[in-house]
Amino acid sequence: MYRMAGKKLIGVITASASQSEQRQLLLGITEQAEKLGAAVAVFSNIYNEERYYADVEVENRIYELVMSERLDGLILTAECIMNPELQQQIYERLLARNDIPVVVTGAVLPDFPCINNDVGADIRDITEHLIAAHGFTKIDLLTGKEGIDTSYERVEGYRAALEAHGIGYDASRVIFGDFWMTSGEALAHDYIEGRRPLPEAIVCVNDYMAYGLCDTFLTAGIELPEDVTVVGYEYVGDRFYHAPILTTYQRNRRAVGAQAVNLIWEKITGETPEAVSLGGCMIIGDTCPCRADRKMLDAELQAVRREQYYSRLNLVGNFEQQLTLCRSLDDYVDVLQQFAYLIRDIVGLHLCLYENWCSTEITGGTARETDTMIYRTVIAEKHPAQGAVFFSKNDLFPEELMQCESGDVLYFCPIFFSGRELGYFILQYRRPDCYDIIFRDWLKIASNALEFLRMKNDIGTLLECRSLSEHHDSITGLYNEAGLQEELSHALGHADGGSRLMMQLIRTELFTDAGSLEKQELSVRRDMETADCIRKMAYRKDAFCARISDKVYILASVGDYTEEMSALYADKLETLILHAPLYSASCGGDSLLICTICEDASGLSADGIRQLLREMQARRITEMTMQRRHALWRSFSSLRDMVYRKPAEKWEVERVCRDFRMSAGHFRAQYKELFGVSFHQDVIRSRISLAKHLLLTSGLSLQAIAGKCGYEDEKYFQRQFRQLTGLTPNIYKSQERG
């Protein structure tokens, strides 16, 4: 399995990665991974809705990537996953990954080691500071929701600090909130309106509640810290948007992330990194008598200014307008390149789309006929890949990504629109870093524009208005999904004893990018051409054919078939399609896949037999995708396509080897490794393939066919034809004729 320059790859499951709390945790993970020489792949949704919304739920399919065999370990930042159903799905996926170590942060899950800060100890430190540094004894605590363990852990830390100094614990000073600004505002009104006496200090167990409290105090004229001291917890940022500057406590999420990496590293390498202290520290502001540290304030202010700078760049640019003008995927990538500067500090940006992302026939919200992805480099530090590259989704990314970049921090961000999954972006950083919330708007614009491009270029959308009937495909006139279901069920229901179902599933234009309007038009014409080829094979009265989705066809028949006859049908279909003028001119030989079965018709179900074919197809596509990862694939497959387009030429190994600048022995070995056949035998196959096509589509004599295929001796041609097919040319043409 190809790795990132031989490095271990640690996957991270998080949510809303742009949020401050998650960014701190992710920085700890990526920093420690860099120290240990590991790479990191972060999988995160964007919106992270707590409830189910059909239009947005599809973003959570980004977590399917955690099943990739590329990953050496997984870290789940559990506390950020809001949706209970999503929590359960992720938990089940982690249970299935018993081949790699898994570590959980922020929550306790059975079956996995878990790491978290001691929040009770942190609140104890805050309360200790107020007592020891300022002599306060009347201290209120605004904790989280009632019934939640973490709320009571915070209360226990507060109580421990009081009792350590001989101060009695008073339960009436503990107020339960909701972890958001609203509960801080509500408590402030209780003080202002006299329902609760104002204490010397108030500890809020997160910054958001403290912000609500301080903002309301400011409006009411209560001075901080003169009238009362307020301290927050978490250090989530945003201190400059509230007055006075909040005193808070930094929960050491970075250390939690680092320790999670240490545990993973120890399990996959046997090495034990130095342990990390999980303790936090006070971040002094102006809501406490200590007053703020000016150097820290300056650093925070610089970060705020930088964020505002990128926010203005995104606001005043014409990124969205330029994307709406795109007419092709090439145009789209060009615009992304122009505006990639809007994403802070990345060294690489990569686009990964489902192979049939632009089809209207995607069902279930995503392209599920295959997990083949199209990869396009948007920006890269070195040697960007040219044009489209195809890879399997299980691989996460193709080799080309690592060949053009040196960054070892990858963020996988879902691309979707209104319940339709299109693919994902990969952001790449050279150093430990994480994108911020501004990127969410960039991603939303890019996703919407991709869907707009899909709709604009999808000829099928226009042709649907001319639908022949509810049972026929609008482009080809073949049966559609519903028509096939009806015909197949009828044929199986009326099959005689001993009858067999012969069925071919034909998948065309594999690994072919049809992202522009011009390419889409040509693709539709190829669809019609392919349909004509399939019709030629459906000459028996009991045969029927269908186009069940984009580039997927079915040829089926119930009768007195044998395995040999089924294989012959598949061979003739392959010959007709690959030699069809439009198809042969623009699609390579590896772009066609035909899966065939011949089964006893009794007891078969239409759904069962189609599922079997789809599973066969998925396995074959995976094998083909793996084959394409060979370093010499592009150059050798181009040569092979040329051989099959011009089989009559004299293909001499010595001349080809000069072009490839390699020895004949090495060339022959590599060619056979790639295609499972020697170059010499493949040349013969190319000639016989053309001969089959001419036998099926022309009335030429055998002598004429032999000449067109590069044979001077007709008898020698017939001998090679029989050696390769097991049939004479005439029998091939007549037997179950097409």
Side-chain angles (χ1 to χ4, degrees), residues 119-120 122-236 238-249 282-292:
V119 293
D122 291 348
I123 300 302
R124 184 188 63 216
D125 289 348
I126 295 172
T127 311
E128 172 74 24
H129 172 80
L130 294 173
I131 297 170
H134 304 299
F136 295 144
T137 59
K138 298 176 181 178
I139 305 170
D140 285 359
L141 177 74
L142 177 56
T143 189
K145 296 179 181 180
E146 287 191 87
I148 298 178
D149 289 344
T150 188
S151 299
Y152 297 107
E153 289 172 9
R154 289 159 163 81
V155 174
E156 288 306 310
Y158 160 79
R159 180 174 186 162
L162 293 175
E163 292 177 348
H165 286 270
I167 302 171
Y169 169 74
D170 183 353
S172 67
R173 289 193 177 277
V174 175
I175 305 100
F176 288 92
D178 60 6
F179 288 116
W180 191 238
M181 295 174 67
T182 49
S183 53
E185 293 165 357
L187 178 59
H189 284 296
D190 284 346
Y191 291 129
I192 293 165
E193 295 163 16
R195 290 186 291 272
R196 180 178 288 276
L198 195 66
E200 296 171 307
I202 306 165
V203 177
C204 301
V205 302
N206 79 355
D207 285 353
Y208 297 114
M209 294 194 294
Y211 290 148
L213 186 71
C214 294
D215 292 348
T216 307
F217 277 162
L218 179 67
T219 303
I222 294 178
E223 298 291 334
L224 303 177
E226 288 79 7
D227 296 329
V228 61
T229 288
V230 175
V231 180
Y233 178 62
E234 294 280 14
Y235 190 45
V236 298
D238 296 343
R239 293 204 300 168
F240 277 93
Y241 298 103
H242 305 273
I245 299 294
L246 179 68
T247 294
T248 185
Y249 188 96
M282 293 291 297
I283 305 295
I284 302 302
D286 291 331
T287 61
C288 167
C290 295
R291 298 299 181 178

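If you're wondering where the values come from, they're calculated on a predicted model, not measured in any experiment. Count residues from 1 along the sequence.
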Enquirer: Which pair of heavy atoms, one from Ala161 and one from Arg124, lies closest together, and at what distance?
Expert: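 That would be CB-O, 3.6 Å.
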Enquirer: Flag yes if more than 12 heavy atoms outside Asp170 fall under 6.0 Å of its CG atom; otherwise flag no.
Expert: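 Counting other residues, nucleotides and ligands, CG of Asp170 exceeds 12 neighbours.
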Enquirer: I'd like to know if the side chain of Glu200 and the backbone of Thr137 have a donor-acceptor N/O pair within less than 3.5 Å.
Expert: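 It does hold such a pair.
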Enquirer: Distance check, rounded to the nearest 0.5 Å: Thr182 atom OG1 versus Glu185 atom CD?
Expert: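 Atom-to-atom, Thr182:OG1 and Glu185:CD are 6.5 Å apart.
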Enquirer: Please answer whether the main-chain N or O of Ala292 pairs with a side-chain N or O of Asp286 as donor and acceptor at a distance below 3.5 Å.
Expert: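 Answer holds: yes.
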Enquirer: Measure the OG1-CD1 distance between Thr247 and Ile283 for me, rounded to the nearest 0.5 Å.
Expert: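 Between atom OG1 of Thr247 and atom CD1 of Ile283 there are 10.0 Å.
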Enquirer: Measure the spacing between OG1 of Thr248 and CD1 of Ile126 and express it to the nearest 0.5 Å.
Expert: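 Taking OG1 in Thr248 and CD1 in Ile126, the distance rounds to 6.5 Å.
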Enquirer: Rounded at 0.5 Å granularity, tell me how far NE2 in His189 sits from CG in Leu213.
Expert: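 Reported to 0.5 Å precision, the distance equals 10.5 Å.
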Enquirer: In the structure I gave you, are the side-chain heavy atoms of Val231 and His129 within less than 4.5 Å of one another anywhere?
Expert: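 Not in contact.
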Enquirer: Are any non-hydrogen side-chain atoms of Tyr191 and Ile202 less than 4.5 angstrom apart?
Expert: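 In short, these two side chains touch, coming nearer than 4.5 Å.
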Enquirer: Donor-acceptor check, side chain of Asn206 to backbone of Met209, threshold 3.5 angstrom: yes or no?
Expert: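 Flag set: sc Asn206 to bb Met209 pair under 3.5 Å.
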Enquirer: Between Tyr211 and Asp238, do the side chains contain a donor N or O and an acceptor N or O under 3.5 Å apart?
Expert: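 No, Tyr211 and Asp238 have no side-chain donor paired with an acceptor closer than 3.5 Å.
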Enquirer: With a 4.5 Å heavy-atom cut-off, do Ile139 and Ile131 have their side chains touching?
Expert: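 SC-SC contact between Ile139 and Ile131 confirmed.
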Enquirer: So that I can tick it off, tell me whether Asp178 and Lys145 are bridged by a salt bridge, with the cut-off set at under 4.0 angstrom between side-chain N and carboxylate O.
Expert: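 Salt bridge between Lys145 and Asp178, a charged N being under 4.0 Å from a carboxylate O: no.
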Enquirer: Apply side-chain contact (heavy atoms from CB on, under 4.5 Å) to Phe176 and Thr143, showing your working.
Expert: CA-CA 5 Å; Phe176 288 92; Thr143 189; 3.5 Å; yes
Enquirer: How far apart are the closest heavy atoms of Thr287 and Cys214, and which atoms are they?
Expert: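 What the structure gives for the nearest pair is CG2-SG, 4.2 Å.
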Enquirer: Check Gly168 against Leu162 and note the closest heavy-atom contact, atom names and distance.
Expert: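 Looks like O-CD1, 4.4 Å.
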Enquirer: Does Cys288 form a side-chain contact (heavy atoms from CB on, under 4.5 Å) with Met282? I'd like the steps, not just the answer.
Expert: CA-CA 11 Å; Cys288 167; Met282 293 291 297; 5.9 Å; no
Enquirer: Would you confirm whether the ring centroid of Tyr158 sits within less than 6.0 angstrom of the ring centroid of Tyr152?
Expert: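 Ring centres of Tyr158 and Tyr152 not closer than 6.0 Å.
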Enquirer: Could you report the tightest heavy-atom contact between Tyr233 and Ile123, atom names first, then the distance?
Expert: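 So the two residues come closest at CG-CD1, 4.0 Å.
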Enquirer: Within the structure provided, determine whether Thr150 and Glu153 are in side-chain contact (heavy-atom separation under 4.5 Å).
Expert: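 Sidechains of Glu153 and Thr150: in contact.
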Enquirer: Nearest 0.5 Å please: distance from the CD atom of Glu156 over to the CD atom of Glu163.
Expert: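 With rounding to 0.5 Å, CD (Glu156) is 8.5 Å from CD (Glu163).
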Enquirer: Between Arg239 and Leu246, which heavy-atom pair has the shortest distance, and what is it?
Expert: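 Minimum heavy-atom contact is NH1-O, 2.5 Å.
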Enquirer: Check whether any side-chain heavy atom of Tyr208 lies under 4.5 Å from a side-chain heavy atom of Ser183, and answer yes or no.
Expert: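 The answer is no, as the side chains (C-beta and beyond) never meet within the 4.5 Å cut-off.
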Enquirer: When you compare the side chain of His134 with that of Pro289, does any pair of heavy atoms fall below 4.5 Å?
Expert: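 Answer yes - side chains close enough.
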Enquirer: Tell me which one of Val203, Val205, Leu187, Val230 satisfies side chain to side chain contact (heavy atoms under 4.5 Å, CB included) with Leu142.
Expert: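 Among Val203, Val205, Leu187, Val230, the one meeting side chain to side chain contact (heavy atoms under 4.5 Å, CB included) with Leu142 is Leu187.
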Enquirer: Quick one: closest heavy-atom pair of Pro197 and Asp140, and the distance?
Expert: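 Looks like O-OD2, 4.4 Å.
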Enquirer: Under the side-chain contact (heavy atoms from CB on, under 4.5 Å) criterion, do Tyr169 and Val155 qualify, and how do the steps go?
Expert: CA-CA 10 Å; Tyr169 169 74; Val155 174; 3.6 Å; yes
